[in-house]
There are 2 protein chains.
Amino acid sequence: MKYQNEEEMLQHYDSKEYVTPDGYTADIAVFTIELAYKEEYKPPKAELKLLLIQRAKSDKDGEPHIQGGKWALPGGFVKPDETASKAAVRELSEEASVNNIKLKHFGVYDTPGRDKRGWIISNAFYAIVTNDYLYKRKAADDAENVGLFTLKEIDQLELAFDHKIIIHDAFQMIRKDLLQTTVAKEFLPKEFTLSELRSVLLLVSDDPGIVNNSAFVRDAPKYPFLEEARNQKGEIKKTNRTAKQMTRMFRFKDFQPMPSIY
Amino acid sequence: MKYQNEEEMLQHYDSKEYVTPDGYTADIAVFTIELAYKEEYKPPKAELKLLLIQRAKSDKDGEPHIQGGKWALPGGFVKPDETASKAAVRELSEEASVNNIKLKHFGVYDTPGRDKRGWIISNAFYAIVTNDYLYKRKAADDAENVGLFTLKEIDQLELAFDHKIIIHDAFQMIRKDLLQTTVAKEFLPKEFTLSELRSVLLLVSDDPGIVNNSAFVRDAPKYPFLEEARNQKGEIKKTNRTAKQMTRMFRFKDFQPMPSIY
DNA sequence: GCAATAGTGTCTGTAAGACAATATTCC
DNA sequence: GGAATATTGTCTTACAGACACTATTGC
């Protein structure tokens, strides 16, 4: 027996005796809903868009960049002292100047050959940012350009690596989560009107309980995860940003419902 | 410019210029429901259990094994020519002689320091096997022992790495999926009685629509993802394995419902 | 007053929950 | 007949969907 105990064995453990991955990356599908208040006193028209960056054709030394010119999800290599999730936060800040956002992991992409550089594993996250964050965005070091695209527009683009697949998965995931969890709140201001919430939900559902406006306003106040926004005096807050008539504002309560098919 | 194009650049790309992970593993939470038909003509009593292996204290050369003696999820290193998902299938077959099962990825565990051997990333899957598969199980090379445990029992065990966290996540995930998808079918034979389905659902829900037997049998036949099992003559198949009285059998249709909180 | 959104009322059919009653069958 | 599960029936209340109607307000 060469080693007496686990401590000693660990000192002799050398991972390079085995084949190890060549890289570990985090890619982020940054969703935003453009709540276009085109006219005053109108409920917004929502559009679900994804932020993509166009990869630079070459780096600062003039070397051609892998998959240069193609559009891609923001992301990059995870450093050994961080989790993929932390790397995602860092990359978003570096590449797209996007901060303070909600992240959720939704998949791992590790098909051999997906990246010509070698055995590279990608963790996919989706993030949701409200529109105003994106106004502050700017292209950074290895991003030539940044843009917002609908799923339809993305299908026309040439995408890097297997990002088209990742993006389709991301859209499916956000659709599911919008209906089964309260993530819709990430697309909305803290306090919102029912027509704003409804315009977000209409992106992903044609349930009559949502489409039918009367039914929606009748039932929404009863949802266990919503409550009316009130001021110090206990009065319901109102706004007229979606209609001439002042309308109630709501907020999400800290309650996670568990819908069931049974 | 050193390189003329992407081909040439790739030839010179050397991942070892960067720090890369020391390992990429797949761990599998193998669930099974023991449908104990203790007495004849009784609906089964269901218990949700997880398969764990006890890590060998040392390998065949007598070297101490990392985290030897502790209980752990079956799993192991992913090879460079496979996906984590494929590795999971292989490991299950090798370590626990479990084959032909449904796998679902549910998380990545990459907190620095989670494995003393270095920067090791684990993909977590859950798998569902019906009871009979497990009767064929046997401990293999680096597993000293194999056992089935309830969540309560697991909390008493000493577990390797961060497997206790992974296991808790796995139980949460299976609970959610049982209620929001049709995975329940993986715990059941292809054709089952309503009391068998109900005993599975009772593990994770106290919804009155499930608890109340009359309500359950009244509504279940109307679920869009269930249909009566019929023979060639078009008659509803029946069995008396859960009661003296013959009872209808059902099967899952190929329909994925999308429950909603709105 | 018009247009547009917010919110309420009405009606009908169906679903949910509780629970009673009946049916079947092995022993 | 008894025990145990399966299945149907009853009743009451709640909810869903459709849609008409009222309210508010800037122009």
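Reminder, nothing fancy here: chain letters follow the sequence lines and each chain counts from 1.
The only option from B/K190, B/R241, B/R251 that meets the salt bridge (charged side-chain N to carboxylate O under 4.0 Å, His left out) definition with B/E196 turns out to be B/R241.
The separation between A/K238 atom NZ and C/dT5 atom C1' is 14 Å, rounded to whole Å. Between B/L194 atom CG and D/dT8 atom C1' there is a gap of 14 Å when expressed in whole angstrom units. Atom CG in B/N212 sits about 13 Å away from atom C1' in D/dT7, given to the nearest Å. The nearest whole Å value for the distance from the CZ atom in A/F250 to the C1' atom in C/dA6 is 11 Å. Rounded to whole Å, the distance from CG on A/N213 to P on D/dC21 is 18 Å. For the pair B/L197 CG and D/dT5 C1', the interatomic distance rounds to 16 Å; values are reported in whole Å. If you measure from atom CE of A/M249 to atom P of C/dG7, you get 12 Å, rounded to the nearest angstrom. Computed from coordinates, the B/N240 CG to D/dT7 P distance equals 12 Å when rounded to whole Å.
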What pairs of nitrogen or oxygen atoms, one from the protein and one from nucleotides 23-25 of chain D, lie under 3.5 Å apart?
from: D/dA23; atom 1: N3; to: A/Q245; atom 2: OE1; distance (Å): 3.1

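A/K185 forms a cation-pi arrangement with A/F252, by the criterion of a distance under 6.0 Å to the ring centre and an angle within 45° of the ring axis.
No salt bridge links A/E228 with A/K237; every basic N to acidic carboxylate O contact stays at or beyond 4.0 Å.
Among the nucleotides C/dG17, C/dG7, D/dA6, the one closest to any side-chain atom of B/P208 is C/dG17.
In this structure, A/K102 and A/V183 have side chains that are in contact, with non-hydrogen atoms separated by less than 4.5 Å. Side-chain contact between A/F187 and A/L178 is present, with at least one heavy-atom pair separated by less than 4.5 Å. Considering only heavy atoms from C-beta on, B/L52 comes within 4.5 Å of B/L73 through its side chain. At a threshold of 4.5 Å between non-hydrogen side-chain atoms, the residues B/I166 and B/Y109 count as touching.
Across its full length, the helix from C/dG1-D/dC27 to C/dC27-D/dG1 shows an angle of 0° between the axes of its 5 terminal pairs at either end, rounded to 10 degrees.
Within the model, atoms CD of B/E191 and CZ of B/R230 stand 12.0 Å from one another, a figure rounded to the nearest 0.5 Å.
At least one side-chain nitrogen or oxygen of A/T242 sits closer than 4.0 Å to the OP1 or OP2 atom of C/dA6. One finds a side-chain N or O of A/S195 lying less than 4.0 angstrom from the OP1 or OP2 phosphate oxygen of C/dA6.
Remark: B/E153 pairs with no residue by the salt bridge (charged side-chain N to carboxylate O under 4.0 Å, His left out) rule, at least two apart or across chains. In this structure A/Q156 satisfies the side-chain hydrogen bond (donor to acceptor under 3.5 Å, both in side chains) test with no other residue, sequence neighbours excluded.
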Using residues 204-217 of chain B as the side-chain source, report each donor-acceptor pair under 3.5 Å to any protein atom, sequence neighbours left out, with the distance given to one decimal.
from: B/S205; atom 1: OG; to: B/D207; atom 2: N; distance (Å): 3.1
from: B/D207; atom 1: OD1; to: B/G209; atom 2: N; distance (Å): 2.6
from: B/N212; atom 1: OD1; to: B/S214; atom 2: N; distance (Å): 3.0
from: B/N212; atom 1: OD1; to: B/A215; atom 2: N; distance (Å): 3.2

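Near DNA chain D, defined here as any heavy-atom distance below 4.0 Å, the residues from residues 214-224 of chain A are A/S214, A/R218, A/D219, listed numerically.
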